[in-house]
Every structure is written in structure tokens, then in C-alpha cells.
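A quick write-up on the structure given underneath.
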Amino acid sequence: MTGRPITIDDLLALPILNDPQLSPDGSRVVCTVTTADRDANAYRTRLWIAPTGGSVPWQLTAAPARDTGPRWSPDGTRIAFVSDRGGEKQVWVIAIGGGEPRVLTSGKMAPADLAWSPDCRWIAFVGKPTPDAKDESDVRVISRLRYKQDGEGFWDGRWKQVFVVSAAGGDAKQITRGDCDHLSPAWSPDGTRLAYTANPDPNFDLMNITDVWTVAADGAESTARCITRGLGPAQSPAWAPDGTRVAYIGHDNACWGATNWGVWVVPAAGGEPACITKGFDRSAGHHVINDLRAHPSSGGLSWSPDGERVFFMLALGASTQIVSAAASGGDVRQETAGDHELIGCSLDREARWIACIESDPLSPGEMAIAQLGARPAPLRRLTDLAGPALRPLALVTPERFQFESVDGWTVEGWAMRPADAPKGGRIPTVLEIHGGPHAAYGNAFFHEFQLLCAQGYGVIYLNPRGSQGYGQAFTAATRHDWGGKDYADLMRGVDYCLATFPWIDPDRLGVAGGSYGGFMTNWIVGHTPRFRAAVTMRSISNAYSQWGTSDLAYMKGFWEYPGEPWESPQFYLERSPITYVREMRTPLLILHSENDFRCPIEQAEQLFVALKKQGTPTLFVRFPNESHDLSRNGQPRHRAERLRQILTWFRTYLVPQEADATAARRAVRREGAVADE
């Protein structure tokens with residue numbers, strides 16, 4: 001074994017790159033680099049630039065702030081970005097040649113989604129109008145259904161609108177109006193119109209539909225027109241170079257949230273949208289889940305200069321790749337290849353180069369570039385920002401496997417054996433289960449998995465049915481069947497690993513998962529005694545109560561579940577893990593964020609009380625001021641504490657000596673009793 005074992009502290013030492021943007025001439029890439037500030041228990045995000053010719057990368061911004069969303073001016077001389085330096089988030093611009101950045105906006109607009117006009121004079125962005133003066137009451141009067149959102153909190157009564165501000169500074173002008181959110185502004189090539197997405201239907205909160213709209217860039221309200229047909233959600237509009245068409249990412253709601261995202265093209269004047277990826281059974285966008293990034297950039301859409309092709313990110317099994325599709329449809333061409341997770345997709349104006357962040361199981365991601373033309377285009381990394389933190393570590397390379405599961409379907413998975421595991425011996429092993437269910441594990445760096453291996457545990461993780469990246473039928477297969485054949489996939493995966501990897505100890509198996517993975521962890525310990533310890537995170541225990549307390553679970557009855565709870569009460573009861581709590585005898589650690597609006601903490605509270613009353617060993621750890629994404633973007637100290645709790649739990653219940661295990665269980669019970677008092 002070379003190098004030292006990875007530790008909890010190493011998670012906070014890793015720089016995390018995101019949102020790569022290639023300069024118009026292809027000479028440089030800018031991206032965000034996020035690092036933990038341990039003393040402040042916060043994060044700092046700076047902009048870095050890497051020359052594509054091989055020169056040394058350099059840091060563009062240095063303020064103790066969060067600088068995000070960088071976008072090049074079309075002439076390549078400036079970068080606009082959003083920063084919270086000074087307190088509130090504002091739009092800033094910095095010249096590449098040097099000097100201090102200039103702020104362009106003020107107030108509480110919360111700007112995002114920056115877009116330069118073709119002539120470099122204006123910057124469009126999404127923001128909120130200045131709030132009206134209100135009294136000091138802290139009472140919330142709720143009138144809309146979607147009144148809260150995980151990670152954002154309670155709706156403040158202000159709709160997101162498109163604004164335009166001069167790149168030289170001045171007052172921002174509101175371009176859109178209406179009682180709905182207006183998102184993703186994109187300039188027409190001649191600079192006269194802006195495309196965006198919105199749904200002004202008063203019943204929008206009961207839908208997931210958004211359309212592509214266009215409006216005059218001067219804000220003439222009468223010019224706003226819808227150019228799509230309300231088939232499903234639409235995102236990331238991008239104008240063709242000649243201005244006659246608009247491409248966007250969306251789907252037709254054939255399987256609601258389990259539907260493949262495709263690339264669509266519609267006439268800019270309005271008409272019938274055409275899905276140009278219809279014949280390719282994979283989903284556009286980013287789908288690989290890990291514990292480093294909550295919402296990795298997928299990069300949107302880029303047109304070739306001749307208007308013949310559209311470039312975008314695609315979910316292909318355990319990897320993300322950059323592909324292009326013929327704008328006329330029928331031809332999807334893979335532009336990159338490799339066992340990796342790509343983040344972002346940015347082209348220069350001539351579509352000669354493509355930039356992204358490339359991650360793999362041994363690297364959290366570095367800026368990379370590829371020259372288009374050769375297919376697949378080989379990626380060349382431009383940075384080594386994480387290298388100094390990674391090189392001293394002994395990391396484990398996952399071993400990929402496939403097995404046949406229920407219905408003859410092939411399921412993909414990976415096993416990780418600790419680097420210093422004794423030959424011929426058996427070691428405790430943890431099954432990890434991803435969330436979604438329509439996300440996926442893949443060829444990405446996962447600190448938690450490496451940490452478990454460093455502590456002497458094997459790790460199994462796989463993509464059961466419901467996972468994205470394997471085709472529409474596979475992704476949609478959890479419909480009306482949470483805890484059914486997906487559960488069978490997981491158990492068959494464990495059986496396969498026990499038969500294939502002799503180092504796994506069948507008597508010391510653990511299981512862990514978050515969100516849907518937490519649901520499945522709860523489900524598993526209520527249906528089999530084969531696991532000796534379990535950790536459930538941000539989980540679902542009661543489908544009935546989650547339906548009305550979550551920010552989104554009330555949508556499940558449209559497709560994922562067979563109707564609303566009062567329409568199918570037996571289903572909600574049967575598919576709630578808490579129904580089987582009497583069978584839950586596996587020691588279960590419950591980790592949950594107090595501000596989780598996706599899977600509210602009442603889910604954890606119910607499960608803890610039920611387990612405690614019946615005497616199942618359990619511990620309930622609550623994280624204040626954290627959302628559903630605790631493991632990925634929670635406060636640094638909370639992320640470290642979460643990992644410490646997991647290691648302590650598995651150390652207590654997966655240790656080899658029964659005597660030690662008994663003593664440890666007693667200690668945990670004592671800790672729980674003290675907490676109760």
C-alpha cells in the first residue's frame with residue numbers, strides 16, 4: 001500500500017471545480033473553484049482561468065466570497081459573474097487584462113443566469129423585483145401550493161423576472177412581467193429578442209410544464225409570445241446562428257419525472273417542436289450523483305456555426321459524455337469517450353474546441369479540453385488543482401461488474417476492496433444506495449466510499465432499475481413499484497458480489513443510503529435481517545405523510561404512484577417502510593437535516609420514535625440549518641460530523657469480535673439515553 005488512508009478532513013481539503021466556460025476564441029477556460037474555509041465554517045468560490053495552450057492556470061478573483069456563474073463577453077475581454085461580496089448577491093464584471101471587478105446591480109434582486117448581448121453592451125439576468133415595504137410581522141400567509149423549495153426556503157412572494165443591465169453600469173430594466181418565474185434568458189443573434197422559459201398558467205404549481213417564450217429585448221410587453229406547445233418542461237433555450245430556430249432541453253412528460261430529457265428544436269416564430277434526439281434512447285443532461293457537488297453544471301446547448309448540429313451533455317450508463325445531434329434530427333454522434341463524469345459543456349464560437357470538467361473515481365475533477373473533429377475527441381486536462389491533496393492518498397479503484405436480475409435485465413455495479421485488506425481474509429462490507437430514484441452512480445469520485453475503504457470496509461454500489469442512463473424503460477421501471485423489483489435488483493447484486501468477491505464477509509454486511517436511498521435502506525431493514533448495521537439519511541419512512549409535507553412529493557400521484565393518498569391508501573401504506581417497523585431489528589442510525597423540505601424531518605422523527613419504542617438500537621442525529629443536500633453542500637463542520645457519525649456506527653456494529661460489539665452497543669444505548677434526557 002502506498003500513500004496514507006484518506007480521512008474526513010481530506011473532504012474539506014479538495015478544491016471542487018464547476019461551470020467551465022470556454023472563451024469565444026478558444027484560448028482560455030474559466031471555471032469556479034470552491035474550497036472550504038474551516039475557520040469560518042463556510043465556502044469560498046473563486047474564478048480560475050486555464051489557458052488552453054498549456055500555460056499555468058491562474059486565479060482571477062480572490063475576495064472571501066462566493067463568485068459563481070462566470071460568462072465571457074462575446075469579444076473575450078471581460079467576464080460577468082455573480083458574487084455575494086459585500087453581502088447581497090450582485091452582478092459583477094471583471095476585465096481579463098487586470099483591475100478590480102465592478103458591480104452592476106444593487107438591492108435584493110438575487111441575480112442568476114447571466115447572458116451577454118451579442119454587441120457586448122448589455123447583460124441579461126434572472127432576478128427578483130425590489131420587494132415592497134412590509135411590516136415586521138414574521139407570520140407567513142400561504143396562498144400558493146409550491147410555497148417552499150428545498151435549498152431556497154419559503155417563497156418570498158416575488159416572481160423571478162428577466163432583467164437587462166448595461167455592461168457599463170446603471171439601473172437594471174425589467175423585461176418580463178407576470179405571476180410566474182421567468183428563467184434562462186438567451187439573446188437572439190441580432191440582439192433584438194430574448195428567449196426564456198415560463199408558465200403563466202395560474203395552476204402551474206400542479207404542473208411541471210414550462211414553455212419557451214421570446215420577447216423584445218427592449219422590454220415591450222406586448223411582444224412576448226410563446227413559441228412551444230406546453231408538452232412538458234423546457235429548459236436552456238439556445239438560438240440557432242441564423243436566428244430562425246431555438247433549441248431547448250425538454251421532454252413530453254411521457255413518464256413524468258422518469259422521462260428521458262431530449263433536445264428539441266422549434267421555429268423562432270413559433271410552430272411545432274421537433275425532438276431531434278427522439279430515436280436515441282438516452283437522456284440529455286447530467287445524472288451521476290456523488291458527495292462533492294449538489295447541482296453540477298450540464299452546460300446547456302451550443303450550436304455549430306453552420307446551424308447543422310447542436311452539442312450537449314448526455315447520460316450514457318455510468319458516464320456522462322458530450323454528444324452532438326443533427327438539427328434536422330436522426331443523427332446523434334458521440335464526441336467524447338471514456339469512463340468519466342463530465343461536468344459542463346462549452347464550445348468556442350467556431351466549434352473547434354469543447355471544454356468541461358473531467359472527474360473519475362480517483363479525481364474530483366479538473367478543467368479539460370478536447371479538439372472536435374476526431375471522434376471520439378481525446379480530452380486533455382488543463383489543471384491539477386486537486387493533485388496536491390490527492391497524491392499523498394492511497395485511493396481505491398472500483399471494480400466494475402454486471403449481473404442479470406429480475407426480468408433478465410442487466411444491472412451495473414461496482415465493488416471497492418480496501419487497499420490494505422489482508423489476503424484471504426473476509427472484511428465487513430457496506431451496500432450504498434443512491435437517491436432519486438432517477439439518478440445514478442457512476443465513474444465519479446466519491447469521498448464517502450473512499451473513506452469507508454480507508455477504515456477497512458468494502459463498498460458495493462450499483463444502479464438498480466429506476467437509475468438514469470440505461471434507457472427509458474429502465475428509468476421508468478420503478479413506477480408503482482418502489483420496494484419491488486428495485487429491491488430485488490439490490491439483493492441480487494449483493495448475492496452476486498458474495499459469490500464473486502470472496503473477501504466480502506456475509507455475516508458483516510452494512511447498508512446505507514440517502515433520500516430514495518434512505519427509503520430503500522429503511523425498506524431493506526424491514527424486509528431482511530441479512531444486514532448487521534444500517535445508516536439512513538434524509539430518508540422517507542411514511543409515504544402518506546411525506547406527500548403533504550414535502551416541497552414536491554405531492555406530484556408523485558400524477559405518475560410515480562397510483563394516485564393521491566386518499567385514492568390509493570393501501571398502496572401508500574404498503575409502500576411505506578414504517579409499516580414494517582416491527583420487522584426492523586437491524587441497528588439503524590438516522591441522519592436528517594432540520595431544514596430538509598424534500599424529505600421533511602418528520603419522516604425521521606416518526607421512524608426514530610417507532611424504533612425506540614420497540615427497542616431496536618437506534619440513534620437520531622439532527623443537523624440544524626441544513627437542507628436535503630447536507631452531504632454535498634452543507635456547512636463544512638456538519639459534513640465532517642455526518643461522516644464521523646457514520647464511521648462510529650459501523651465501527652460499533654460491524655466489528656469482528658462479538659464481545660466488543662456488545663460493549664459498543666451498550667455505549668450507544670447510553671448515549672441515546674443521555675440525549676433523551
Side-chain angles (χ1 to χ4, degrees), residues 14-23 28-37 40 42-50 57-73 78-96 100-116 123-128 149-153 160 162-163 165 167 172 181 183-186 235-236 286 292-300 313 343-346 355-357 359 364-367 383 385-386 627 629 632-636:
L14 293 171
I16 305 303
L17 284 64
N18 202 4
D19 203 2
Q21 298 291 319
L22 187 57
S23 63
R28 288 173 281 199
V29 182
V30 65
C31 80
T32 63
V33 179
T34 299
T35 55
D37 183 334
Y43 299 96
R44 310 301 182 198
T45 303
R46 280 73 180 246
L47 305 185
W48 278 70
I49 288 182
W58 48 282
Q59 187 175 319
L60 179 64
T61 63
R66 302 294 297 267
D67 298 340
T68 61
R71 294 297 181 267
W72 291 91
S73 61
R78 292 162 288 173
I79 291 176
F81 61 99
V82 174
S83 179
D84 62 1
R85 56 184 71 192
E88 299 288 344
K89 289 183 179 180
Q90 306 295 348
V91 179
W92 294 71
V93 170
I94 187 170
I96 299 304
E100 291 297 315
R102 294 181 297 107
V103 64
L104 302 184
T105 58
S106 61
K108 299 179 180 294
M109 301 183 72
D113 294 356
L114 308 186
W116 286 85
I123 298 172
F125 64 93
V126 170
K128 292 185 174 183
Q149 184 172 343
D150 188 73
E152 291 192 11
K160 296 175 182 178
V162 176
F163 291 80
V165 66
D181 284 337
L183 305 173
S184 303
Q235 300 177 355
S236 305
H286 188 279
L292 301 180
R293 299 173 181 86
H295 304 287
S297 168
S298 62
M313 181 175 290
I343 299 148
C345 170
S346 180
C356 59
I357 305 296
S359 171
E366 302 288 349
M367 280 193 259
T383 59
L385 299 184
S627 73
D629 283 322
R632 296 176 279 264
N633 64 9
Q635 298 170 49

Find the distance between [atom1] ([X]) and [atom2] ([Y]) and round it off to the nearest 0.5 Å.
X    : Y    : atom1 : atom2 : answer
Q21  : C356 : CD    : SG    : 12.0 Å
F81  : I123 : CZ    : CD1   : 10.5 Å
E366 : L385 : CD    : CG    : 5.0 Å
L60  : I49  : CG    : CD1   : 4.5 Å

Quiz item: Tell me the salt bridge (charged side-chain N to carboxylate O under 4.0 Å, His left out) pairs involving residues 84-93, sequence neighbours left out?
Solution: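 Salt bridge (charged side-chain N to carboxylate O under 4.0 Å, His left out) check on residues 84-93 returns D67-R85, E88-K108.
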Got a donor-acceptor contact below 3.5 angstrom from the [X] side chain to the [Y] backbone?
X    : Y    : result
S346 : L22  : yes
S627 : D150 : no
S297 : N18  : no
R102 : A167 : yes

Heavy-atom distance under 4.5 Å between the side chains of [X] and [Y], does that happen here?
X    : Y    : result
I79  : W72  : yes
I16  : Y43  : no
V30  : S23  : no
R28  : I96  : yes
V103 : P101 : no
K160 : K128 : yes

Mind checking what makes side chain to side chain donor-acceptor pair (under 3.5 Å) contact with [X], not counting sequence neighbours?
X    : result
T34  : T45
R632 : D629
T105 : Q90
R78  : none

Which pair of non-hydrogen atoms, one from [X] and one from [Y], has the smallest distance, and what is that distance?
X    : Y    : value
P111 : V91  : CB-CG2, 3.6 Å
P636 : A42  : CG-O, 3.6 Å
P364 : A386 : CG-CB, 3.8 Å
A172 : F125 : CB-CZ, 3.9 Å
A80  : L114 : C-CD1, 3.7 Å
C31  : P20  : CB-CA, 3.8 Å

Exercise. Show your reasoning for whether side-chain contact (heavy atoms from CB on, under 4.5 Å) applies to W48 and T383.
Key: CA-CA 10 Å; W48 278 70; T383 59; over 6 Å; no
Exercise. Answer yes when R71 and D19 have at least one side-chain N-carboxylate O distance shorter than 4.0 Å, and no when they do not.
Key: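 Looking at D19 together with R71, the answer is yes, because their closest N to O distance falls below 4.0 Å.
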Exercise. Go through the steps to decide whether T32 and L47 satisfy the test side-chain contact (heavy atoms from CB on, under 4.5 Å), and finish with yes or no.
Key: CA-CA 5 Å; T32 63; L47 305 185; 3.9 Å; yes
Self-check item: Under the side chain to side chain contact (heavy atoms under 4.5 Å, CB included) test, residues paired with S359 that sit two or more places apart
Solution: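 Once residues adjacent in sequence are excluded, the partners of S359 under the side chain to side chain contact (heavy atoms under 4.5 Å, CB included) criterion are E341, A444, F445.
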